[in-house]
S.K.: 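Here you go, one structure.
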Amino acid sequence: MKFRAKINDVGCLNHFTRVVNTITKLTKTCVLRLTVDNMYFVLSGKVANGGVSMWCELLQVNFFEEYQLEGVSADANEICLEVAPENLSRALKTAQNAKSVKIKLTKKHGPCLTLAAELPSLSSINRIVTHDIPVDIIPKRLWHDFKEPTVPDFDVSIYLPPLKTMKSVVDRMKNLSNYLVVEANMNGEMNLKIETDLVSVTTHFKDLGNPPWGDNASQSQSQSRDAEAMAHARVDIRKLQQFLMGQQVNPNKSMCNIVDKRIIHLILLQEDVSLQYFIPAVA
């Protein structure tokens, strides 16, 4: 197995850093899946057991000037690594003004992602700062847990309100309850609700719009619903707040699919990056 990549453009480096910082806010450990065309950050939580899951996809050609990969075998040309994104984020902080950054799979005391940043210097001698980030190589027999999740058969799909606005609402509601009800309909309406024995608070959003998903099962399922009918899911407010706090991707589109009483599926789309986040409902 071999992996080597290089970033020369400061804009690409800053963009990649923002993506890694976002992942760092969402999870302490995740799987970095490397393929010929893409780089993925994957958190494969068992939603049925109350865990969140995440799928973040980067098109490598939009970030790296050089990108070379030799996977496990010819018929399985990819590499899966378990990594602590915070370690990668720390290494990238030291490379903010770097002329170039190289990332390479190496073997030191154990497998590592070695990040070498060439920093500007007043002299003719280049300064290279190197970080060795420990990783665990995931064997091929476990890869089935890290494939792209299928879009669930949702009851309602809706565009999200501005994420900063949504974050400020959720931050205030967190002081009132540990749980939040997210509900929406196919008429572009979304409500965020807190209901306890002492207080009931609802924030209403209107005219958000509903994404066109094409002719698939979920679309026909949502179209057969009364447009005014609300689908809802009660979720752990901390998990939603964590998602909103970590967002540094600056998406062009942000959406939410709701499977009634089961799950909310949050999607952020940007030209180079897509991020999916699944939060299970609680009773």
Side-chain angles (χ1 to χ4, degrees), residues 1-7 16 19-20 22-64 66-89 91-92 102-115 132-153 216 218 239 243 246 249 257 259 262-263 265-270 272-280:
M1 289 186 299
K2 293 181 181 178
F3 172 70
R4 179 196 300 266
K6 185 177 182 181
I7 302 176
F16 184 66
V19 173
V20 173
T22 297
I23 303 303
T24 300
K25 300 286 191 201
L26 296 177
T27 180
K28 287 186 166 50
T29 61
C30 68
V31 169
L32 175 60
R33 182 180 164 209
L34 305 168
T35 69
V36 172
D37 296 317
N38 295 297
M39 179 180 278
Y40 306 91
F41 292 94
V42 186
L43 175 62
S44 182
K46 301 299 182 189
V47 172
N49 298 331
V52 298
S53 60
M54 173 193 72
W55 177 269
C56 182
E57 180 175 341
L58 287 68
L59 191 62
Q60 63 86 0
V61 72
N62 291 332
F63 290 86
F64 301 99
E66 298 175 21
Y67 188 94
Q68 300 170 3
L69 180 133
E70 290 180 23
V72 172
S73 62
D75 63 330
N77 194 20
E78 57 183 81
I79 300 171
C80 286
L81 308 169
E82 187 174 50
V83 62
E86 187 176 357
N87 292 339
L88 186 54
S89 176
L92 287 167
K102 294 178 182 176
I103 305 173
K104 185 179 179 182
L105 184 61
T106 59
K107 186 164 180 122
K108 301 295 173 83
H109 300 295
C112 291
L113 274 180
T114 295
L115 188 145
D132 292 322
I133 301 163
V135 296
D136 289 322
I137 295 173
I138 296 173
K140 184 182 173 184
R141 69 177 185 277
L142 301 179
W143 286 5
H144 57 82
D145 285 335
F146 310 111
K147 299 300 182 185
E148 181 172 8
T150 55
V151 175
D153 288 339
N216 58 26
S218 294
K239 291 174 181 175
F243 171 81
V249 176
N257 297 331
V259 182
R262 285 183 50 210
I263 195 169
H265 172 211
L266 300 158
I267 309 166
L268 304 181
L269 296 178
Q270 204 247 19
D272 308 322
V273 183
S274 70
L275 174 63
Q276 299 181 59
Y277 198 66
F278 299 81
I279 306 177

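Since we're looking at a predicted model, the values are computed, not measured. Any value given below was found using the heavy atoms of this structure, including those in side chains, with hydrogens, waters and symmetry copies removed.
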S.K.: For residues L268 and F243, determine if any side-chain heavy atom of one lies less than 4.5 Å from a side-chain heavy atom of the other.
M.R.: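 With C-beta onward as the side chain, the pair touches.
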S.K.: Would you mind reporting whether Q276 and H265 have side-chain heavy atoms less than 4.5 Å apart?
M.R.: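 With C-beta onward as the side chain, the pair touches.
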S.K.: With a 4.5 Å cut-off on side-chain heavy atoms, are L105 and K2 touching?
M.R.: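 Not in contact.
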S.K.: Which atom pair, heavy atoms only, marks the closest approach of I137 to P111?
M.R.: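 Answer, listing the atom of I137 first, then P111: CD1-CB, 4.0 Å.
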S.K.: Could you tell me whether a side-chain N or O of W55 sits under 3.5 Å from a main-chain N or O of S274, the two making a donor and an acceptor?
M.R.: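 Not at all, since once roles are kept as given, no pair shorter than 3.5 Å links the two residues.
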S.K.: Measuring from M39:CE to L69:CG, what's the distance to the nearest 0.5 Å?
M.R.: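 CG of L69 is found 9.5 Å from CE of M39.
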S.K.: At what distance, to the nearest 0.5 angstrom, does NZ of K28 lie from CG of N87?
M.R.: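 The CG atom of N87 is 12.5 Å from NZ of K28, to the nearest 0.5 Å.
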S.K.: Under 4.5 Å between any side-chain heavy atoms of H109 and D132, yes or no?
M.R.: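 No, too far: nothing below the 4.5 Å cut-off.
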S.K.: Which atom pair, heavy atoms only, marks the closest approach of I23 to C30?
M.R.: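 Where I23 meets C30 most closely, the heavy atoms are CG2-SG, 4.0 Å.
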S.K.: Hey, are the side chains of Y40 and V31 touching, using non-hydrogen atoms and a 4.5 Å cut-off?
M.R.: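 A side-chain contact is absent here, since even the closest heavy-atom pair is not under 4.5 Å.
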S.K.: Which heavy atom in C112 sits nearest to a heavy atom in P134, and how many Å separate them?
M.R.: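 Taking every non-hydrogen atom into account, SG-CA, 4.2 Å.
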S.K.: So T27 and F41, do their side chains get closer than 4.5 Å, heavy atoms only?
M.R.: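 They are not in side-chain contact.
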S.K.: Once you round to the nearest 0.5 Å, how far does CD of Q68 lie from CZ of F3?
M.R.: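 Spacing of CD (Q68) from CZ (F3) equals 10.0 Å.
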S.K.: Taking the side chain as C-beta and beyond, is there a heavy-atom pair between Q60 and N38 under 4.5 Å?
M.R.: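 Not in contact.
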S.K.: Supply the atom-to-atom distance N257 CG to I267 CD1, rounded to the nearest 0.5 angstrom.
M.R.: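 Result: 4.5 Å between the selected atoms.
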S.K.: Give the intermediate values and the outcome of side chain to side chain contact (heavy atoms under 4.5 Å, CB included) for residues Y67 and V61.
M.R.: CA-CA 8 Å; Y67 188 94; V61 72; over 6 Å; no
S.K.: Using the side chain to side chain contact (heavy atoms under 4.5 Å, CB included) rule, take L26 and L275 through it: C-alpha gap first, then chi angles, then the decisive distance, then the call.
M.R.: CA-CA 11 Å; L26 296 177; L275 174 63; 4.2 Å; yes
S.K.: If I compare all heavy atoms of D272 with all of N62, which pair ends up nearest, and what's the gap?
M.R.: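 It is OD1-ND2, 3.0 Å.
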S.K.: Looking only at heavy atoms, which two atoms of W143 and I138 are closest? And how far apart?
M.R.: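 Taking W143 first and I138 second, the nearest heavy atoms are NE1-O, 3.1 Å.
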S.K.: Does the side chain of L113 come within less than 4.5 Å of L32's, by heavy atoms?
M.R.: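 Of all side-chain heavy-atom pairs linking L113 with L32, at least one is under 4.5 Å.
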S.K.: Is the number of heavy atoms from other residues, nucleotides or ligands within 6.0 Å of NE2 (H144) greater than 12?
M.R.: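 Yes, the 6.0 Å shell around NE2 holds more than 12 heavy atoms from other groups.
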S.K.: So how far is it from T114 OG1 to R4 CZ, rounded to the nearest 0.5 Å?
M.R.: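 Rounded to the nearest 0.5 Å, the OG1-CZ separation comes to 10.5 Å.
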S.K.: Return a table of donor-acceptor pairs under 3.5 angstrom between the side chains of residues 73-83 and protein atoms on other chains or two or more places apart.
M.R.:
{"residue": "S73", "atom": "OG", "partner": "D75", "partner atom": "OD1", "Å": "2.6"}
{"residue": "S73", "atom": "OG", "partner": "A76", "partner atom": "N", "Å": "3.3"}
{"residue": "N77", "atom": "OD1", "partner": "G71", "partner atom": "N", "Å": "2.7"}
{"residue": "E78", "atom": "OE1", "partner": "R33", "partner atom": "NH2", "Å": "3.4"}
{"residue": "E78", "atom": "OE2", "partner": "R33", "partner atom": "NE", "Å": "2.8"}

S.K.: Nearest 0.5 Å, what's the SG-CG distance between C56 and L43?
M.R.: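 So the SG of C56 and the CG of L43 are separated by 11.5 Å.
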